[in-house]
Amino acid sequence: MDLTLSEEHEALVRMVREFAIREVQPKAAAIDRDSRFPSELVARMGELGLMGIEVEVEYGGSGLDPIAYVLAMEEVSVACASTAVIMSVNNSLVCDPLVKFATEAQKQRWLVPLASGLKLGCFMLSEPEAGSDAAAQRTVATPDGDGWVIDGIKNWITNGPQADVGILFTMTDRAAGHRGITAFIIDMHADGVRRGHKDDKLGIRGSHSSQVSFDQHRVGPEQLLGKVGEGFKVAMSTLDCGRIGIAAQALGIARASFEAAAAYACMRKTFGKRVIDHQAMGFLLADMETELEAARLLTLRAAAAKMAGRRHSVESAMAKLYASEAANRLAKAAIQIHGGNGYVTEFPVERFYRDAKITEIYEGTSEIQRLVIAADLLRA
Amino acid sequence: MKWPAHVEALQGAVVALGARELGPNAARWDSSAGFEPTFAAKVADWGLFGVSVPEVQGGAGAGLLGAAVVIEEIAAHSGSLAMRLALHEGVAVGFALGLADTSLLARLIGNGGFAGWVGLGRGVTAEQSSDRLRLQGSVCMAPGDGDLVVAGHGTGGPRVGFVAADQLSSGRARAACGLRAVGWTDVVIDADVEHSGNAAVAARLGARLSVLIGAVACGLARAAISQATAYAQVREQFGQSIAQFQAIQWKLANGATERDAAWLLVTDAAGRLDAQRPAANEAAARAQLAAVRMSVSACSEALQVHGGYGYTREFPIERLLRDARACTAIDRGDDDLRAALAAAITARFE
Ligand SMILES: Cc1cc2nc3c(=O)[nH]c(=O)nc-3n(C[C@H](O)[C@H](O)[C@H](O)COP(=O)(O)OP(=O)(O)OC[C@H]3O[C@@H](n4cnc5c(N)ncnc54)[C@H](O)[C@@H]3O)c2cc1C
């Protein structure tokens, strides 16, 4: 497998890096401090074609491949992981299932504005009692005329406070277990959809998540995504792709941590020499870069597998598992290399540390990724 | 993973060869600490020498990437043979390729036996005169008693030269913990050689070897993880197969993920060296660092999955662990690699 980047990829990296350095990075600390949702950056990402990277041009997207998505996510995440997750949810958790499962009419109505950045999407799978065990859905969709009426509560919904459109998972046949789950496309401004207060969080504070509750919310047949009872398949195939995005987010946080630590260690002096010239620090940085590169290659491999049209659950799980844990190790090490300066908000590494943690939790915890990988090994 | 067609074909051939010729003999080679005297001729016949050499020069034309793929596959059967080939292909063949020395290449691809490597820092002195390089030193635990590529320090900086077996006197054989069939032997070097290379050549050979040591480590780990997976499914405790325990599943999942990560670093570095891309030597150092560490830990965890049986010679897992551990002692160790990488990071960030 050749993971050398094409000219087109290199050009994309240059473009996104410039945007990230000029427009995102200078605001990242304040976005975090104020827990501010960066609407102006989201709008800019729409203009730059970053909100529907893999969506075909005729549906408002940029028509690029999964590797391009990884590269763009990495660059934005280096600057601001909050801004990056807003982007990743729209790309991989909302546009992606619409590309795969929506009808032509649904694509025209929902995908085009989402991919072009005019509207923002969210993905509503988790519930207060259904996180890792996503099949334990309690939100119900009851048949009503030619449509359904939905009742239930969704938890921790990223972009929940801002979203215009949502992908919602409900139970339509409890007796059928995970084969009784059905997905819908939701107009988040419609009657019977209520958003809770934004969650107060450890990190990614500029990305807002909230509960979303449904009270006798009516949907028509034109809002059914995929087939009745196919919702779990929609969710899992979406997460197979989404995990590549989170791996790329983790990769970006890891790179930001490494670069900050390397620069600091070359500048700061103790005992008459640069920090990097103390063996314990220099060797630590060597290990950090090794893990960073390994995370990058696993993430690109998963993207390449998706590109080749192969099933990539295991590649995605390995990429997310490794990259998220590497991001946590690197962010922690970056603080250590900064000493006291690492612990104060004047330097960005404490933010990287707080932001890194979420990548081990959402879109399937590290434990869930290990279950996916082990199950595959034991099946082979 | 998908490779170019000719690399896939080679890999397929080695898979068959491994099951037929290598797997059944690996334990014997290990316990007798060597291969039979005619073995190198067989290896030459199988086409395992010169995998990285372009076809026009008589090789398989698969580049260092192809060599890594072949060596990884072989390591899953015999770590010793894989390491023998890593030294031969990485260093000796690399040296001949750099000189474009056709007669040396022919010797290395044909039946000249396995060639080994004595890297920098082993106490060899290298004095370059106008047309000859004089290499002198006595080295503990050189790989085997065949031809050697030898690096040494001299007044003009590091130099490397090719020393034919008949210019060496070999001393006592050393019984090693792992990679035993490599045939570790003390040698006294006192040779005057014609062809030599400078520090950049030594660094390039070191990088080629790093990649191939990484390939050996990855092959050992792959075999260990697959043996542990199979064992976990048949071994029952507490009324269920131990594979049902998450404590076991976690070892397998962590091992497989770390192995894939290391293998990607190895193949990526091989590709960079083949394409002569910038910073390829650094990528190679990272690959060796990650792969060897991963291999020791994956083999150790795989042994743990086997419980007490893993500790016996009834299962091959103990040999895999010994071989993986021995990989840490070949050429540059963990600390040398990290020192080189830290220097490279300093150069980029200062
Ligand atoms: C900031 C944030 C944003 C989020 N955004 C979204 C979103 O946009 N959409 C959405 O649908 N969800 C979202 N989530 C929810 C997220 O995906 C879940 O939190 C996650 O899947 C874990 O579920 P849980 O919190 O219920 O933990 P639980 O499932 O209760 O797990 C608790 C612990 O037990 C472990 N565990 C659980 N089952 C097993 C098992 N079988 N074996 C071993 N260990 C196990 C878990 O790994 C974890 O460590 C978000 C969460 C957060 C915090």
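- Other residues, nucleotides and ligands place more than 12 heavy atoms under 6.0 Å from the CD atom of Gln233(B).
- Atom CZ of Arg329(A) sits in a crowded spot, with more than 12 heavy atoms from other residues, nucleotides or ligands closer than 6.0 Å.
- Within a 6.0 Å sphere centred on CZ of Arg348(B), heavy atoms belonging to other residues, nucleotides or ligands number more than 12.
- Around atom CD of Gln240(B), more than 12 heavy atoms belonging to other residues, nucleotides or ligands sit under 6.0 Å away.
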Walk me through whether Ile345(B) and Phe258(A) qualify under side chain to side chain contact (heavy atoms under 4.5 Å, CB included). CA-CA 10 Å; Ile345(B) 293 169; Phe258(A) 169 72; 3.9 Å; yes

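- Contacts of Glu367(A) with chain B are made by both backbone and side-chain atoms, with heavy-atom separations under 4.5 Å.
- If you measure heavy-atom distances from Arg274(A) to chain B, the contacts under 4.5 Å come from the side chain alone.
- Most heavy-atom pairs under 4.5 Å with chain A, from the set Leu341(B), Asp335(B), Val7(B), Ile248(B): that is Asp335(B).
- Of the two parts of Ala344(B), neither the backbone nor the side chain holds a non-hydrogen atom closer than 4.5 Å to a non-hydrogen atom of chain A.
- For Leu298(A), the parts sitting under 4.5 Å from any heavy atom of chain B are the backbone and the side chain alike.
- For CZ of Arg325(B), the number of neighbouring non-hydrogen atoms (other residues, nucleotides, ligands) closer than 6.0 Å is 12 at most.
- To the nearest 0.5 Å, the span separating CD on Gln249(B) from CG on Leu378(A) amounts to 6.0 Å.
- Under the 4.5 Å side-chain criterion, counting only non-hydrogen atoms from C-beta, Phe349(B) is in contact with Glu259(A).
- Scanning residues 213-225 of chain B against chain A with a 4.5 Å non-hydrogen threshold yields no residues.
- Looking at Gln279(A), neither its backbone nor its side chain comes within 4.5 Å of chain B, counting heavy atoms on both sides.
- Atoms CE and CD, on Met318(A) and Glu258(B) in that order, are 10.0 Å from each other to the nearest 0.5 Å.
- With a 6.0 Å radius and a threshold of 12 heavy atoms from other residues, nucleotides or ligands, Tyr309(B) has its OH atom at or below the threshold.
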May I have the step-by-step check of side chain to side chain contact (heavy atoms under 4.5 Å, CB included) for Gln246(B) and Leu371(A), ending in yes or no? CA-CA 8 Å; Gln246(B) 287 191 345; Leu371(A) 284 176; 3.7 Å; yes

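- With Leu297(A) as the partner, the side chain to side chain contact (heavy atoms under 4.5 Å, CB included) test is satisfied by one option alone out of Asp268(B), Thr267(B), Val266(B): Asp268(B).
- Counting non-hydrogen atoms of other residues, nucleotides and ligands closer than 6.0 Å to CD of Gln244(B) gives a total above 12.
- Residue Glu293(A) comes nearest to Leu265(B) through the heavy atom pair CB-CD2, 3.8 Å, listed as atom of the first residue, atom of the second, then distance.
- Interatomic distance, OG1 of Thr229(B) versus CG of Leu377(A), reported as 5.0 Å (0.5 Å rounding).
- The minimum heavy-atom distance between Phe283(A) and Ala342(B), with the atom names listed, is N-CB, 4.5 Å.
- When Ala243(B), Ala283(B), Ala256(B), Ser226(B) are compared by the number of non-hydrogen pairs under 4.5 Å with chain A, Ala256(B) comes out ahead.
- By the 4.0 Å N-to-carboxylate-O rule, Asp287(A) lies close enough to Arg293(B) to be salt-bridged with it.
- Heavy atoms of Ile276(A) lying under 4.5 Å from chain B belong exclusively to its side chain.
- Shown here is Glu8(A), whose CD atom has no more than 12 heavy atoms of other residues, nucleotides or ligands within 6.0 Å.
- Note: Ile373(A) CD1 to Asn254(B) CG = 8.0 Å, rounded to the nearest 0.5 Å.
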